[in-house]
There are 2 protein chains.
Amino acid sequence: MTSGPAKRGRRPGAPDTRAAILDAARSLFATQGYSGTTIRAVAAAAGVDGALVHHYFGTKDDLFVAALDIPVDPRQILAPVVAGGADGAAERFLLAFLSVWDDPDVRPALLTVARTMMEPATQRVFADGFLPVVIGPLGVALDLDRPELRMPLVASQVVGLILLRYVLLVEPLASMPTEQVVATYAPTLQRYLTGPLP
Amino acid sequence: MTSGPAKRGRRPGAPDTRAAILDAARSLFATQGYSGTTIRAVAAAAGVDGALVHHYFGTKDDLFVAALDIPVDPRQILAPVVAGGADGAAERFLLAFLSVWDDPDVRPALLTVARTMMEPATQRVFADGFLPVVIGPLGVALDLDRPELRMPLVASQVVGLILLRYVLLVEPLASMPTEQVVATYAPTLQRYLTGPLP
DNA sequence: GTCTATAAATCGATAGAC
DNA sequence: GTCTATCGATTTATAGAC
């Protein structure tokens with residue numbers, strides 16, 4: 001993020017302290033969660049004064065949303081998954097999902113979101129927000145039977161995988177090649193999507 | 001917790017404020033996490049003064065470990081799982097696991113642990129502690145092949161299930177009868193334990 | 001045993017000098 | 001643009017009266 005093409009001539013009076021603050025905030029939010037990162041810690045990590053953080057970004061909430069900057073649209077990622085129909089949807093879903101998480105430009109933002117979803121104060125955002133508005137519609141778009149049952153099953157496996165592989169970095173999941181992850185979890189998800197259920 | 005059998009006669013001078021504080025702490029730690037619950041909130045919920053909390057339990061950390069008091073020994077719960085061998089271990093494992101979580105006397109303590117595991121400061125306790133010392137040995141006790149690969153797979157599904165069913169209370173998982181949960185997830189876990197893997 | 005009062009630290013946020 | 005200084009609120013924790 002900090003490394004752009006070097007501009008010609010003298011740099012302006014404000015070097016990149018705004019970007020430095022944003023980078024520090026991204027890193028701290030991703031590792032310490034929202035309530036765990038203080039404005040002062042962000043300022044210290046960026047090597048500037050705490051007041052500058054407010055000067056550039058206003059309140060702490062403003063800094064948080066500025067640091068998020070999710071560079072992906074979930075519906076756009078999920079479009080090819082629904083386009084192929086229910087057959088093989090598990091494999092396409094895993095591929096789409098992992099390709100986003102394995103992108104080093106996107107992962108920090110997703111880690112931030114994941115950590116924040118775990119905090120008690122914001123955890124209903126996942127249960128009442130993300131799940132019904134992005135995962136739920138995927139089930140009806142795939143024309144599953146009982147999607148209101150099957151999609152939470154899918155979510156329960158994907159959330160656990162994300163947590164161990166990307167957040168907690170549990171081996172050997174963390175270092176496993178994408179293709180092996182897909183091949184390992186696709187049968188599970190395909191059964192949840194279209195297989196027989198009690 | 002608050003409702004025990006009513007004792008005969010006059011209650012002693014110190015009623016049960018210590019137990020009231022402990023109950024309030026348990027409830028708040030379980031719902032708000034460690035950093036999310038304040039001593040003052042515990043005192044208010046117990047209907048006492050904040051200083052009493054310190055008087056009875058010392059520091060906030062002391063109160064936390066006092067509020068934990070996990071009433072189960074994981075190895076004892078898992079004993080019948082390993083005793084039966086690898087065949088049908090998934091079903092026995094799910095039954096043992098869910099019976100603990102569905103026990104209303106135990107769930108608050110487990111919720112507290114789960115919430116605390118998610119906090120950035122203590123999250124390595126799960127990855128470096130719980131997983132290798134209780135889940136890992138289960139794999140070798142069952143004499144699986146490649147247990148260091150298979151047990152994290154099992155953990156990834158169980159963690160996701162616990163998170164959605166008990167922490168986030170996502171429907172219909174939260175209200176699903178135990179037998180249906182077992183029947184739904186047993187095939188997945190059995191494949192992770194003994195089935196073919198890439 | 002229970003409470004008031006307060007110390008000591010830390011937080012987010014603001015005002016204003018340079 | 002950057003910083004010093006500080007306010008006001010909140011937190012844990014302690015000291016001591018009753």
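Please read these numbers as outputs of a predicted model, since none were measured by experiment. Naming: A, B, ... by sequence-line order, numbering from 1 per chain.
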Below 4.0 angstrom from OP1 or OP2 of [N], is there any side-chain N or O of [X]?
{"X": "A/Tyr56", "N": "D/dT2", "result": "yes"}
{"X": "A/Thr17", "N": "D/dT2", "result": "yes"}
{"X": "A/Thr38", "N": "C/dT10", "result": "no"}

[X] [atom1] - [N] [atom2] separation (whole Å):
{"X": "B/Asp16", "N": "C/dG1", "atom1": "CG", "atom2": "P", "answer": "13 Å"}
{"X": "B/His54", "N": "C/dT6", "atom1": "NE2", "atom2": "C1'", "answer": "14 Å"}
{"X": "A/Phe57", "N": "C/dG12", "atom1": "CZ", "atom2": "P", "answer": "15 Å"}
{"X": "A/Lys60", "N": "D/dT10", "atom1": "NZ", "atom2": "C1'", "answer": "13 Å"}
{"X": "A/Asp49", "N": "C/dT14", "atom1": "CG", "atom2": "P", "answer": "15 Å"}
{"X": "B/Ile39", "N": "C/dT6", "atom1": "CD1", "atom2": "C1'", "answer": "17 Å"}

(request) Kindly assign one of parallel, tilted or perpendicular to the pair B/Trp101 and B/Phe97, based on the angle between their ring planes and the thresholds 30° and 60°. (result) parallel
Any idea which of [options] is nearest the [X] side chain?
{"X": "B/Ala51", "options": "C/dA13, C/dT4, D/dT4", "answer": "C/dT4"}
{"X": "A/Leu52", "options": "D/dT2, D/dT4, C/dA13", "answer": "D/dT2"}
{"X": "A/Arg40", "options": "D/dC3, C/dC11, C/dT14", "answer": "C/dC11"}
{"X": "A/Val48", "options": "C/dT4, D/dC3, C/dA13", "answer": "D/dC3"}

[atom1]/[X]: more than 12 non-hydrogen atoms of other groups inside 6.0 Å:
{"X": "B/Gln32", "atom1": "CD", "result": "yes"}
{"X": "B/Arg75", "atom1": "CZ", "result": "no"}
{"X": "A/Asp87", "atom1": "CG", "result": "no"}

(request) Starting from the 5' end of DNA chain D, give me the residue, B/His55 or A/His55, whose nearest nucleotide shows up first. (result) A/His55
(message) Students often get this wrong, so: under 4.0 angstrom with heavy atoms, is A/Thr37 touching a base, only sugar-phosphate, or nothing?
(response) sugar-phosphate
(message) Is there a path of hydrophobic side-chain contacts, each under 4.5 Å between heavy atoms, that joins B/Val113 and B/Val125?
(response) yes
